[in-house]
Amino acid sequence: MKRDARSGPGLGPGFGARARSRAGSRAVWLAGRRWGRALLGALGVCGALLLVELVARSGVFDDQALPPASSVLARAAEMAVDDGFLGDLWTTVSVWLGGLGLAVLLAVPAGLLLGSLPRLDTAALAVVELARPVPSVALIPLAILVFVEPDRVERSLVCYAALWPILLNTLYGLRDVDPVAKETLRSFGFGVLGVLWRVSLPSAGPFVVTGVRIAASVGLVVVVSAELRAGGDGGLGVYLLETQSGGGRPDLMVAGACWAGVLGVAANAGLVWAERRIFPHSALSARSARGRPFPTESISGSAAWGAAAPGPPHRPERPRPQTPDGLASPGGLKEPGAERS
Amino acid sequence: MKRVGLGFLARFWLLVLLVVAWELAARRAGDLYFPPPTRIVSTMRELWWSGRPSRLWLSERAVDDFVPSLSHLLLGWALAGIVGIAVGVGIGLSRIAYLVLDPVLQFGRAVPPPTLIPFFMVAFGLGTSMQLAVIVFGVVWPVLLNTAEGVRAVEPVQLDSARVFGLGGFARLWYVVLPAAGPRIFAGLRVALGFALILMVIAELMGSGDGIGSRLNAAEREFRPDQLWAGIVLLGAVGCVLNGLFLLVERKALAWHRGARRTIT
Amino acid sequence: MLEIAGLGHRYADGHQAVEGVELHVARGELVSIVGPSGCGKSTLLRCVAGLQRPSEGRIAVGGRPVDGVPDDLAVVFQDYTRSLFPWLTVRDNVALPLRRRGLARAERRAQALAALAQVGLDGTAGKYPWQLSGGMQQRVALARALAYRPALLLMDEPFGSVDAQTREDLEDLLLSVRGGTDPGGRADDGGGGMTILLVTHDIDESVYVGDRVVVLTGAPGRVHSELRVELPAPRDQIVTRGLPEFVKLRAEVGRAVRRP
């Protein structure tokens, strides 16, 4: 479908399309090109920075409330070569990845086991759905009492929080396996394990990776929360808290938060890349090209429409993995535009 | 009736089994940190449901704990919802605005909201405004991005129909764009609700004089694991109830969507 | 009623969809536009509907040049599943456009029900479009257009997505409602029925329903020829299609469409 040069779905005339300026039509032209889109995005970033800078300098808020963008950027750049901060960042990353890895090692086999036993998986889902709404940050004080050592507190909480999305997606993924493929393999004399290895695992794989992606962003939220509350000798949360108690340089704190954002973006990009790399043919990979995880956990028990109600095995439509913000759109987003014959 | 009973059993037998096993194991071990479920329930009653029947058995303390927590949670969620839908619609309607703002939004969403708590503590001080700021900043993203995607995915033919039949800009927005994006907007709001609960808890843990989170802090200071467990179970129940209520509203509002999906597929 | 002069449209990507189209449609006439796919039929229709601004040429509806969607124009799209609003009941779908007519709510509903009765859909008002069959949904779309009482009705392959039997029923329905509608008794209309421009790729259909057939050839789309259809009214699926004139016209249109 070729597109007319309208600017997106727009409401059409009456919503600005009629009175489009020259700059507007140039922007439309840019939007049709890959480098043009990158340029527009860069413009947006610069614009946002400029806006923050101007508002901060205008003196509407005092400078404690809103540090200018330039000083935040300068601090962030300084931090990138500051060994103290890098050490803290590394502590956070290692706890985060460690907890995440442990969760994968626990949740995937557990999911495979529970999901392959017919009577167990419904019952297991009920348990998981009930345990999930408990916000994992609520466990922080208990974990502090039980584990005492901040490092262990953080690691165990990350692991706990990451467990649910991975387990749930594995269970849903196994429900999605094509029964015909399983029957076929079984008829060729493959045993239960053979079927699991050759059909179930590859077909549930994209779900598992999506689960890990969600778990990664949940884990980042939890590890920082735990560091903020439990303290310890290092970590991003500890760094931020020390900055805050030591007089409170807002530019330093915002710069630290920005680095956490970079971690989040990087982790997501890495996992999306891995997902496409490992499962290149999966419709899910194509769909999640833009991968939008969002730390949700908790209540979003039935976040994605598709996955919320796994139906009978012969559904015409694949269930989608539990994407946190429900952004798993069926078959990808279409680019709306004017149609022509 | 029998059917229902069997279905219930098939779904919940493991849960019941686990709770019973926990009860027995905890009683036998007598571990202070892991009280049996019955003990947790009795602690919950003692803490929050020992009031007079005329007040739904809620104790004074329950009112002190629930009201600030829930009001912050719902207020922050509602604010984020309004802002997210408004901005999301604006961004979704314009391809250019979407392209320009996308990187900024993606980054904003990737920042773990708790990392901003120290900053908000300095900027707003401890208290309600800090907690609201954390919740609003954290949960605005799923609403905003879902709304924008939903609006972008509105059928062009539907918009054309509306234009051809003379619906003006705001009528198109109200009668076509918002309902068409409705499923996505609701999905975003539901995720946001769950996330608001997490952020409410962490904001209260970090510093506030009241709310369920501060009750957890007190229990930790007084070394009362049973009260901690009670708080955890309570928060889980709050999450379930909020989600359930939201689903009820969503089902009502999006009845057409469920029906339409069922017939098409 | 409709004047198209020197219409051409080139898309932003450089594709020339239509070029030098001239067309005059008198009040009350039903003109079929037929052509192979990709000949710019839909582009032409979108330009007339004011959904798209043509890059060259002039279009006037009822003497007024088209700038934005004309006031008394309605469209029936091919894709009924997408042009009807699934979140509204059938009645509300039909009644929604009447807001523009400045009618009270009760009046809008009454008109919607009347239009539904006209297309033989009594009793479905409270249902949702997706609860109806494809043919019935397209009837709803037609009822929506009729209730709006347009002076000019555009139909973009309206019966392209339904089965053959339903298609014939809908064609007859179109012919019957066409006679029976006086567009709104609006003062500036000066009587006469609704003017209809129907785009189709079905040659039989174009001849069967049309007073005149305009053959478009692509690409870019141009008017290849025009034929007047002098078939007796009332038309009948069996009798009319068996007439020698019908067969002759159909062959002529067919030759024109296939000519490179």
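Since we're looking at a predicted model, the values are computed, not measured.
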Specify whether B:Phe246 and B:Phe186 have parallel, tilted or perpendicular ring planes, treating 30° as the upper limit for parallel and 60° as the lower limit for perpendicular.
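It falls in the tilted class, 30° to 60°.
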Is it the side chain or the backbone of [X] that comes within 4.5 Å of chain B heavy atoms, both, or neither?
X        : answer
A:Ile144 : side chain
A:Ala48  : side chain
A:Val222 : neither
A:Ala124 : both
A:Leu142 : both
A:Ile140 : side chain

Quick one: of B:Leu99, B:Ile117, B:Leu101, B:Val104, who has the most non-hydrogen atom pairs under 4.5 Å with chain A?
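It is B:Leu99.
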Looking at B:Asn217, B:Leu32, B:Leu17, which one has more heavy-atom pairs under 4.5 Å with chain A than the rest?
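Among B:Asn217, B:Leu32, B:Leu17, the one with the most close pairs to chain A is B:Asn217.
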Under 4.5 Å from any heavy atom of chain A, what part of B:Leu14 do you find: side chain, backbone, both or neither?
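Its backbone and side chain both get close to chain A.
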Identified side chain to side chain contact (heavy atoms under 4.5 Å, CB included) partner of B:Val154 from the options B:Leu93, B:Leu159, B:Leu178:
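Passing option: B:Leu159.
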Rounded to the nearest 0.5 Å, how far does CZ of B:Arg172 lie from CZ of B:Phe170?
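Spacing of CZ (B:Phe170) from CZ (B:Arg172) equals 10.5 Å.
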Side chains of B:Gln158 and B:Tyr175, donor plus acceptor under 3.5 Å
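No.
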Counting heavy-atom pairs closer than 4.5 Å to chain B, which one of [options] comes out on top?
options                                : answer
A:Gly264, A:Cys258, A:Ser245           : A:Cys258
A:Thr122, A:Thr243, A:Leu240           : A:Leu240
A:Leu236, A:Leu49, A:Val254, A:Leu43   : A:Val254
A:Val265, A:Val224, A:Leu228, A:Leu252 : A:Leu228

